[in-house]
Peer 1: 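Take a look at the following structure, please.
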Amino acid sequence: MTDTPVRVRIAPSPTGDPHVGTAYMGLFNYAFARHHGGQFILRLDDTDRERFNATSAHAILEALRWLGLQPDEGPEIGGPYGPYVQSERLALYTHYADQLVAAGHAYYCFCTKERLAEMRAAQEAAGDATMYDRRCLTTLTREEAARRVRDGAPHVIRMRMPREGVTTFHDLIRGAVSFENALIDDQVLIKADGFPTYHLATVVDDHLMRITHITRAEEWISSTPKHLTLFRMFGWEAPQFAHFPLLRNADRSKISKRQGHTSLHWYQAEGILPEALLNFLALLGWSHPEEKEIFDLNELIANFTFERFNTSGPVFDLEKLRWLNGVYIRALAIDDLYPRVEPFLIKAGILQAQPVPEEQAFAKQCIALEQEKARALTEFPDLVSFLFNPNFPYDDEVVAQWLRPAPAHVRPALSTLLEQVEALPDADITAERLEEIVRRIAEELGVGAGKVIHPTRAALSGRAKGPSLFHMMAVLGKAEIRYRLKRTLEMMKGG
RNA sequence: GGGGCGUUGGUCUAUCGGUUAGGACGUCGGCCUUUCAAGCCGAAGAUGACGGGUUCGAUUCCCGUACGCCCUACCA
């Protein structure tokens, strides 16, 4: 290890919704940087003009903020090595590409896409590896090529990959990896539109931005020898490499929109807590030295080492994420939980857009009632909706079981409860007091407590399942209990 | 087709040559209990892909095979 400060980067492409893979890479890069007191940089790789999406760039940054993985340098943030958007660095790439051409490490290529396609087809038919045949390198003199470029002929710049030797590198996660140079294609460095390909841009930027460790997904392993060769051609010291495993779909293919949820917006909309997502992601491919399952970002940072990585690609299991999310929801203080749930309540139409303090206070109590049950924030509206609606719908099954037709003791039980609640001072509307009352009614009617509790729940909520009955009653309050009991008693007559 | 990377219960993982192969999610059962959850207890589920080596001893090291994945684009 050198004593230069650790600098790592993630370089997502702004081509759509912020991707869960970006969060995954971001998490480990962030943790590694923080572990060593280094910098975590965001760079936007927008060199593909076909797939570029203007709103995506900002969304990526927003998503990183949501996760708490704030870059130290990046677009909208700035930093000493900017700009951090590749399309704003075009002059740099052409400068360095020209340098390579001048040194004979790269060359102009005028082959059309059609010719390349034919060439590949022929190679495939012959059972050969599909590689550029170097026609423009072998049949054109450098002077001719330069003249054609000056004349405005469409062209690309290709790197001249050495045909001998082996490129080996030590991957921090996988150990030694080597490739035979002769099998590596002459990669296009500058496209016909003047934009660089990933390969050139990443090498130039990683060098210029003083990146010390290129830590990226496994899918990049095969192109690492190209990058290493570029570093050598430029005479630059290459960073260290670490290739993380790739997130997989259930069928083990690379995680995709088609089979799973790749958009970070989905997780947000689903009510997954960012800290739960981070914890879950940290469990994929990496493991805590004490085999802990639940730990926060700081603990990841403190324990982060490449040695604790697994090398095979983990399947992204939404069920486990949901469990973990439930753990985090339960661990939250109600005052921290409530603000996170409120938007979901508003969206479901349970709360109005700008709830007044009284409404918020009531909503908070409702949330507290069901806190231990939710595995995602989106579940709260269904869980608590009946508490906000005096004219809640009755579940058919529960009505059939307890209310209509009703066992003989139910009507007297509910009527008695109504009377006794009416007589109760507001200060006595507490879970404890209510429980005493309900249990005494059951006793006086000579039935088990459950025989009164269940129909009461049905009478007050229309449901068979719900929060603790007595706590729920206390939250509802006297007037509401009275209204609901009367409504149910009325409903029971109708059958 | 070529190259690279990988392979521990359905899923995520521990093990840095010696364990009854451990834990977590999920599943099933029990307890608790006013329901649902939560919590606690328990169970089922892995001949560690397969075959060879190396070794006193391999899930751990080496080789081969199979399978999966990634790359093989003027996409990243």
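These numbers come from the heavy atoms of this one structure, side chains and all, not from hydrogens, waters or symmetry mates. Throughout, protein chains are lettered first and strands after them, A, B, ... in sequence-line order, and every chain is numbered starting at 1.
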Peer 1: Contact class for Thr15(A) (heavy atom, under 4.0 Å): base, sugar-phosphate, or nothing?
Peer 2: nothing

Peer 1: Hey, mind stepping through Thr202(A) and Arg9(A) against side chain to side chain contact (heavy atoms under 4.5 Å, CB included) and telling me if it holds?
Peer 2: CA-CA 10 Å; Thr202(A) 197; Arg9(A) 100 286 119 133; 3.4 Å; yes

Peer 1: Less than 4.0 angstrom between a side-chain N/O of Asn310(A) and OP1 or OP2 of A14(B), yes or no?
Peer 2: yes

Peer 1: Of the nucleotides A24(B), U11(B), C74(B), which one has an atom closest to the side chain of Val156(A)?
Peer 2: C74(B)

Peer 1: When the C1' atoms of G45(B) and G29(B) are compared, how many Å lie between them, rounded to an integer?
Peer 2: 15 Å

Peer 1: With C1' as the reference atom in both, quote the distance from A49(B) to A66(B) in angstrom, rounded to an integer.
Peer 2: 8 Å

Peer 1: Among A76(B), C70(B), U15(B), which nucleotide sits nearest the side chain of Ser13(A)?
Peer 2: A76(B)

Peer 1: Ignoring the backbone of Ser312(A), work out which of G23(B), U34(B), U7(B) is nearest its side chain.
Peer 2: U7(B)

Peer 1: Both Glu372(A) and Ala192(A) contact RNA chain B. Taking the nearest nucleotide for each, which residue is further toward the 5' end?
Peer 2: Glu372(A)

Peer 1: Choosing from A14(B), G2(B), A76(B), which nucleotide comes nearest the side chain of Arg51(A)?
Peer 2: A76(B)

Peer 1: Is the number of heavy atoms from other residues, nucleotides or ligands within 6.0 Å of CZ (Arg49(A)) greater than 12?
Peer 2: yes

Peer 1: Tell me what Arg322(A) touches on the nucleic acid: a base, only sugar-phosphate, or nothing, going by heavy atoms under 4.0 Å.
Peer 2: nothing

Peer 1: Does Arg248(A) have a side-chain nitrogen or oxygen under 4.0 Å from the phosphate oxygens OP1 or OP2 of G68(B)?
Peer 2: no

Peer 1: Just to be sure I understand the rule, does Val188(A) reach a base, reach only the sugar-phosphate, or reach nothing, if contact means heavy atoms closer than 4.0 Å?
Peer 2: sugar-phosphate

Peer 1: Select one nucleotide: of A76(B), C5(B), C74(B), the one nearest the side-chain heavy atoms of His199(A).
Peer 2: A76(B)

Peer 1: Under 4.0 angstrom, heavy atoms only, what part of the nucleic acid is Gly466(A) near: base, sugar-phosphate, or nothing?
Peer 2: base

Peer 1: With Phe244(A), which of Trp286(A), Phe28(A), Trp220(A) fulfils ring pair (Phe, Tyr, Trp, His ring centres under 6.0 Å)?
Peer 2: Phe28(A)

Peer 1: If I compare all heavy atoms of Met161(A) with all of Ile184(A), which pair ends up nearest, and what's the gap?
Peer 2: CG-O, 3.7 Å

Peer 1: Could you go through the side chain to side chain donor-acceptor pair (under 3.5 Å) check for Glu164(A) and Asn181(A) one step at a time?
Peer 2: CA-CA 6 Å; Glu164(A) 304 82 33; Asn181(A) 292 156; over 6 Å; no

Peer 1: Between Asp128(A) and Thr130(A), does a side chain to side chain donor-acceptor pair (under 3.5 Å) hold up when you go through it step by step?
Peer 2: CA-CA 6 Å; Asp128(A) 295 335; Thr130(A) 53; over 6 Å; no

Peer 1: Under 4.0 Å, heavy atoms only, any strand: does Val177(A) hit a base, just the sugar-phosphate, or nothing?
Peer 2: sugar-phosphate

Peer 1: Below the 4.0 Å mark, does A73(B) have OP1 or OP2 next to a side-chain nitrogen or oxygen of Arg120(A)?
Peer 2: yes

Peer 1: Considering only the C1' atoms, how many Å lie between U15(B) and G22(B), rounded to the nearest integer?
Peer 2: 8 Å

Peer 1: Compare side-chain N and O positions of Arg463(A) against OP1 and OP2 of A37(B) and report whether any pair is under 4.0 Å apart.
Peer 2: no

Peer 1: Could you check which of G26(B), U34(B), A76(B) has an atom nearest any side-chain atom of Asp45(A)?
Peer 2: A76(B)

Peer 1: So what does Pro245(A) hit on the nucleic acid, given a heavy-atom distance under 4.0 Å: a base, only sugar-phosphate, or nothing?
Peer 2: nothing

Peer 1: Using side chain to side chain contact (heavy atoms under 4.5 Å, CB included) as the criterion, point out the one residue from Pro381(A), Cys366(A), Ser385(A) that pairs with Leu345(A).
Peer 2: Pro381(A)

Peer 1: Just compare A76(B), U34(B), G2(B) and give me whichever is closest to any side-chain atom of Phe470(A).
Peer 2: U34(B)

Peer 1: Between U59(B) and U7(B), how far apart are the two P atoms, rounded to whole Å?
Peer 2: 16 Å

Peer 1: Is the distance from OP1 or OP2 of C71(B) to the nearest side-chain N or O of Lys254(A) less than 4.0 Å?
Peer 2: yes

Peer 1: C5(B) phosphate, OP1 or OP2: any side-chain N/O from Thr311(A) under 4.0 angstrom?
Peer 2: no

Peer 1: Among A14(B), A76(B), C12(B), which nucleotide sits nearest the side chain of Thr47(A)?
Peer 2: A76(B)

Peer 1: Just to be sure I understand the rule, does Gly285(A) reach a base, reach only the sugar-phosphate, or reach nothing, if contact means heavy atoms closer than 4.0 Å?
Peer 2: sugar-phosphate

Peer 1: Scan Ala449(A) against the nucleic acid and name what it touches under 4.0 Å (heavy atoms): base, sugar-phosphate only, or nothing.
Peer 2: nothing

Peer 1: Can you check the distance between G9(B) and A46(B), where both ends of the measurement are the C1' atom (answer in whole Å)?
Peer 2: 5 Å

Peer 1: Considering only the P atoms, how many Å lie between A44(B) and G23(B), rounded to the nearest integer?
Peer 2: 12 Å

Peer 1: Using the C1' atom as the reference point in each nucleotide, state the distance between G6(B) and A43(B) in Å, no decimals.
Peer 2: 33 Å

Peer 1: Roughly how many Å apart are G10(B) and C5(B), using the C1' atom of each and rounding to a whole number?
Peer 2: 24 Å

Peer 1: Can you tell me if the side-chain N/O atoms of Ser253(A) get under 4.0 Å from OP1 or OP2 in C70(B)?
Peer 2: no

Peer 1: I would like to know whether Arg163(A) and Glu180(A) meet salt bridge (Lys or Arg N to Asp or Glu O under 4.0 Å); could you show each step before the answer?
Peer 2: CA-CA 9 Å; Arg163(A) 287 288 158 94; Glu180(A) 230 175 290; over 6 Å; no

Peer 1: If the cut-off is 4.0 Å, is Arg252(A) near the phosphate of U11(B), judged by side-chain N/O to OP1 or OP2?
Peer 2: yes

Peer 1: For A76(B) and Lys191(A) - does any side-chain N or O of the residue sit under 4.0 Å from the phosphate oxygens OP1/OP2?
Peer 2: yes

Peer 1: Tell me whether the side-chain N or O atoms of Thr130(A) pair up with the base of U72(B) as donor and acceptor below 3.5 Å, since no angle test is needed here.
Peer 2: no

Peer 1: Nearest to the Arg308(A) side chain among U34(B), A14(B), G3(B), which nucleotide is it?
Peer 2: A14(B)

Peer 1: Base, sugar-phosphate, or nothing: which does Phe316(A) touch, judged by heavy atoms less than 4.0 Å apart?
Peer 2: nothing

Peer 1: What's Glu124(A) touching, base or sugar-phosphate or nothing? Going by heavy atoms closer than 4.0 Å.
Peer 2: nothing

Peer 1: For Phe309(A) and for Lys226(A), find the nucleotide of RNA chain B with the closest heavy atom, then tell me which residue's nucleotide is more 5'.
Peer 2: Phe309(A)

Peer 1: Within less than 4.0 Å of OP1 or OP2 of C36(B), is there a side-chain N or O belonging to Arg457(A)?
Peer 2: no

Peer 1: Heavy atoms under 4.0 Å, any strand shown: does Trp286(A) hit a base, just sugar-phosphate, or nothing?
Peer 2: nothing

Peer 1: Does Thr202(A) reach a base, just sugar-phosphate, or nothing at all? Heavy atoms under 4.0 Å.
Peer 2: nothing

Peer 1: Donor-acceptor pair under 3.5 Å: do we get one between Glu218(A)'s side chain and the base of G4(B)?
Peer 2: no

Peer 1: Report which part of the nucleic acid Leu469(A) touches: base, sugar-phosphate, or nothing (heavy-atom distance under 4.0 Å, all strands).
Peer 2: base

Peer 1: Touch check for Arg216(A), heavy atoms < 4.0 angstrom, all strands: base, sugar-phosphate only, or nothing?
Peer 2: nothing

Peer 1: Let's see if you can work this out: which of A14(B), C70(B), A24(B) has an atom nearest to the side-chain heavy atoms of Glu219(A)?
Peer 2: C70(B)

Peer 1: Specify whether His227(A) and Tyr198(A) have parallel, tilted or perpendicular ring planes, treating 30° as the upper limit for parallel and 60° as the lower limit for perpendicular.
Peer 2: tilted

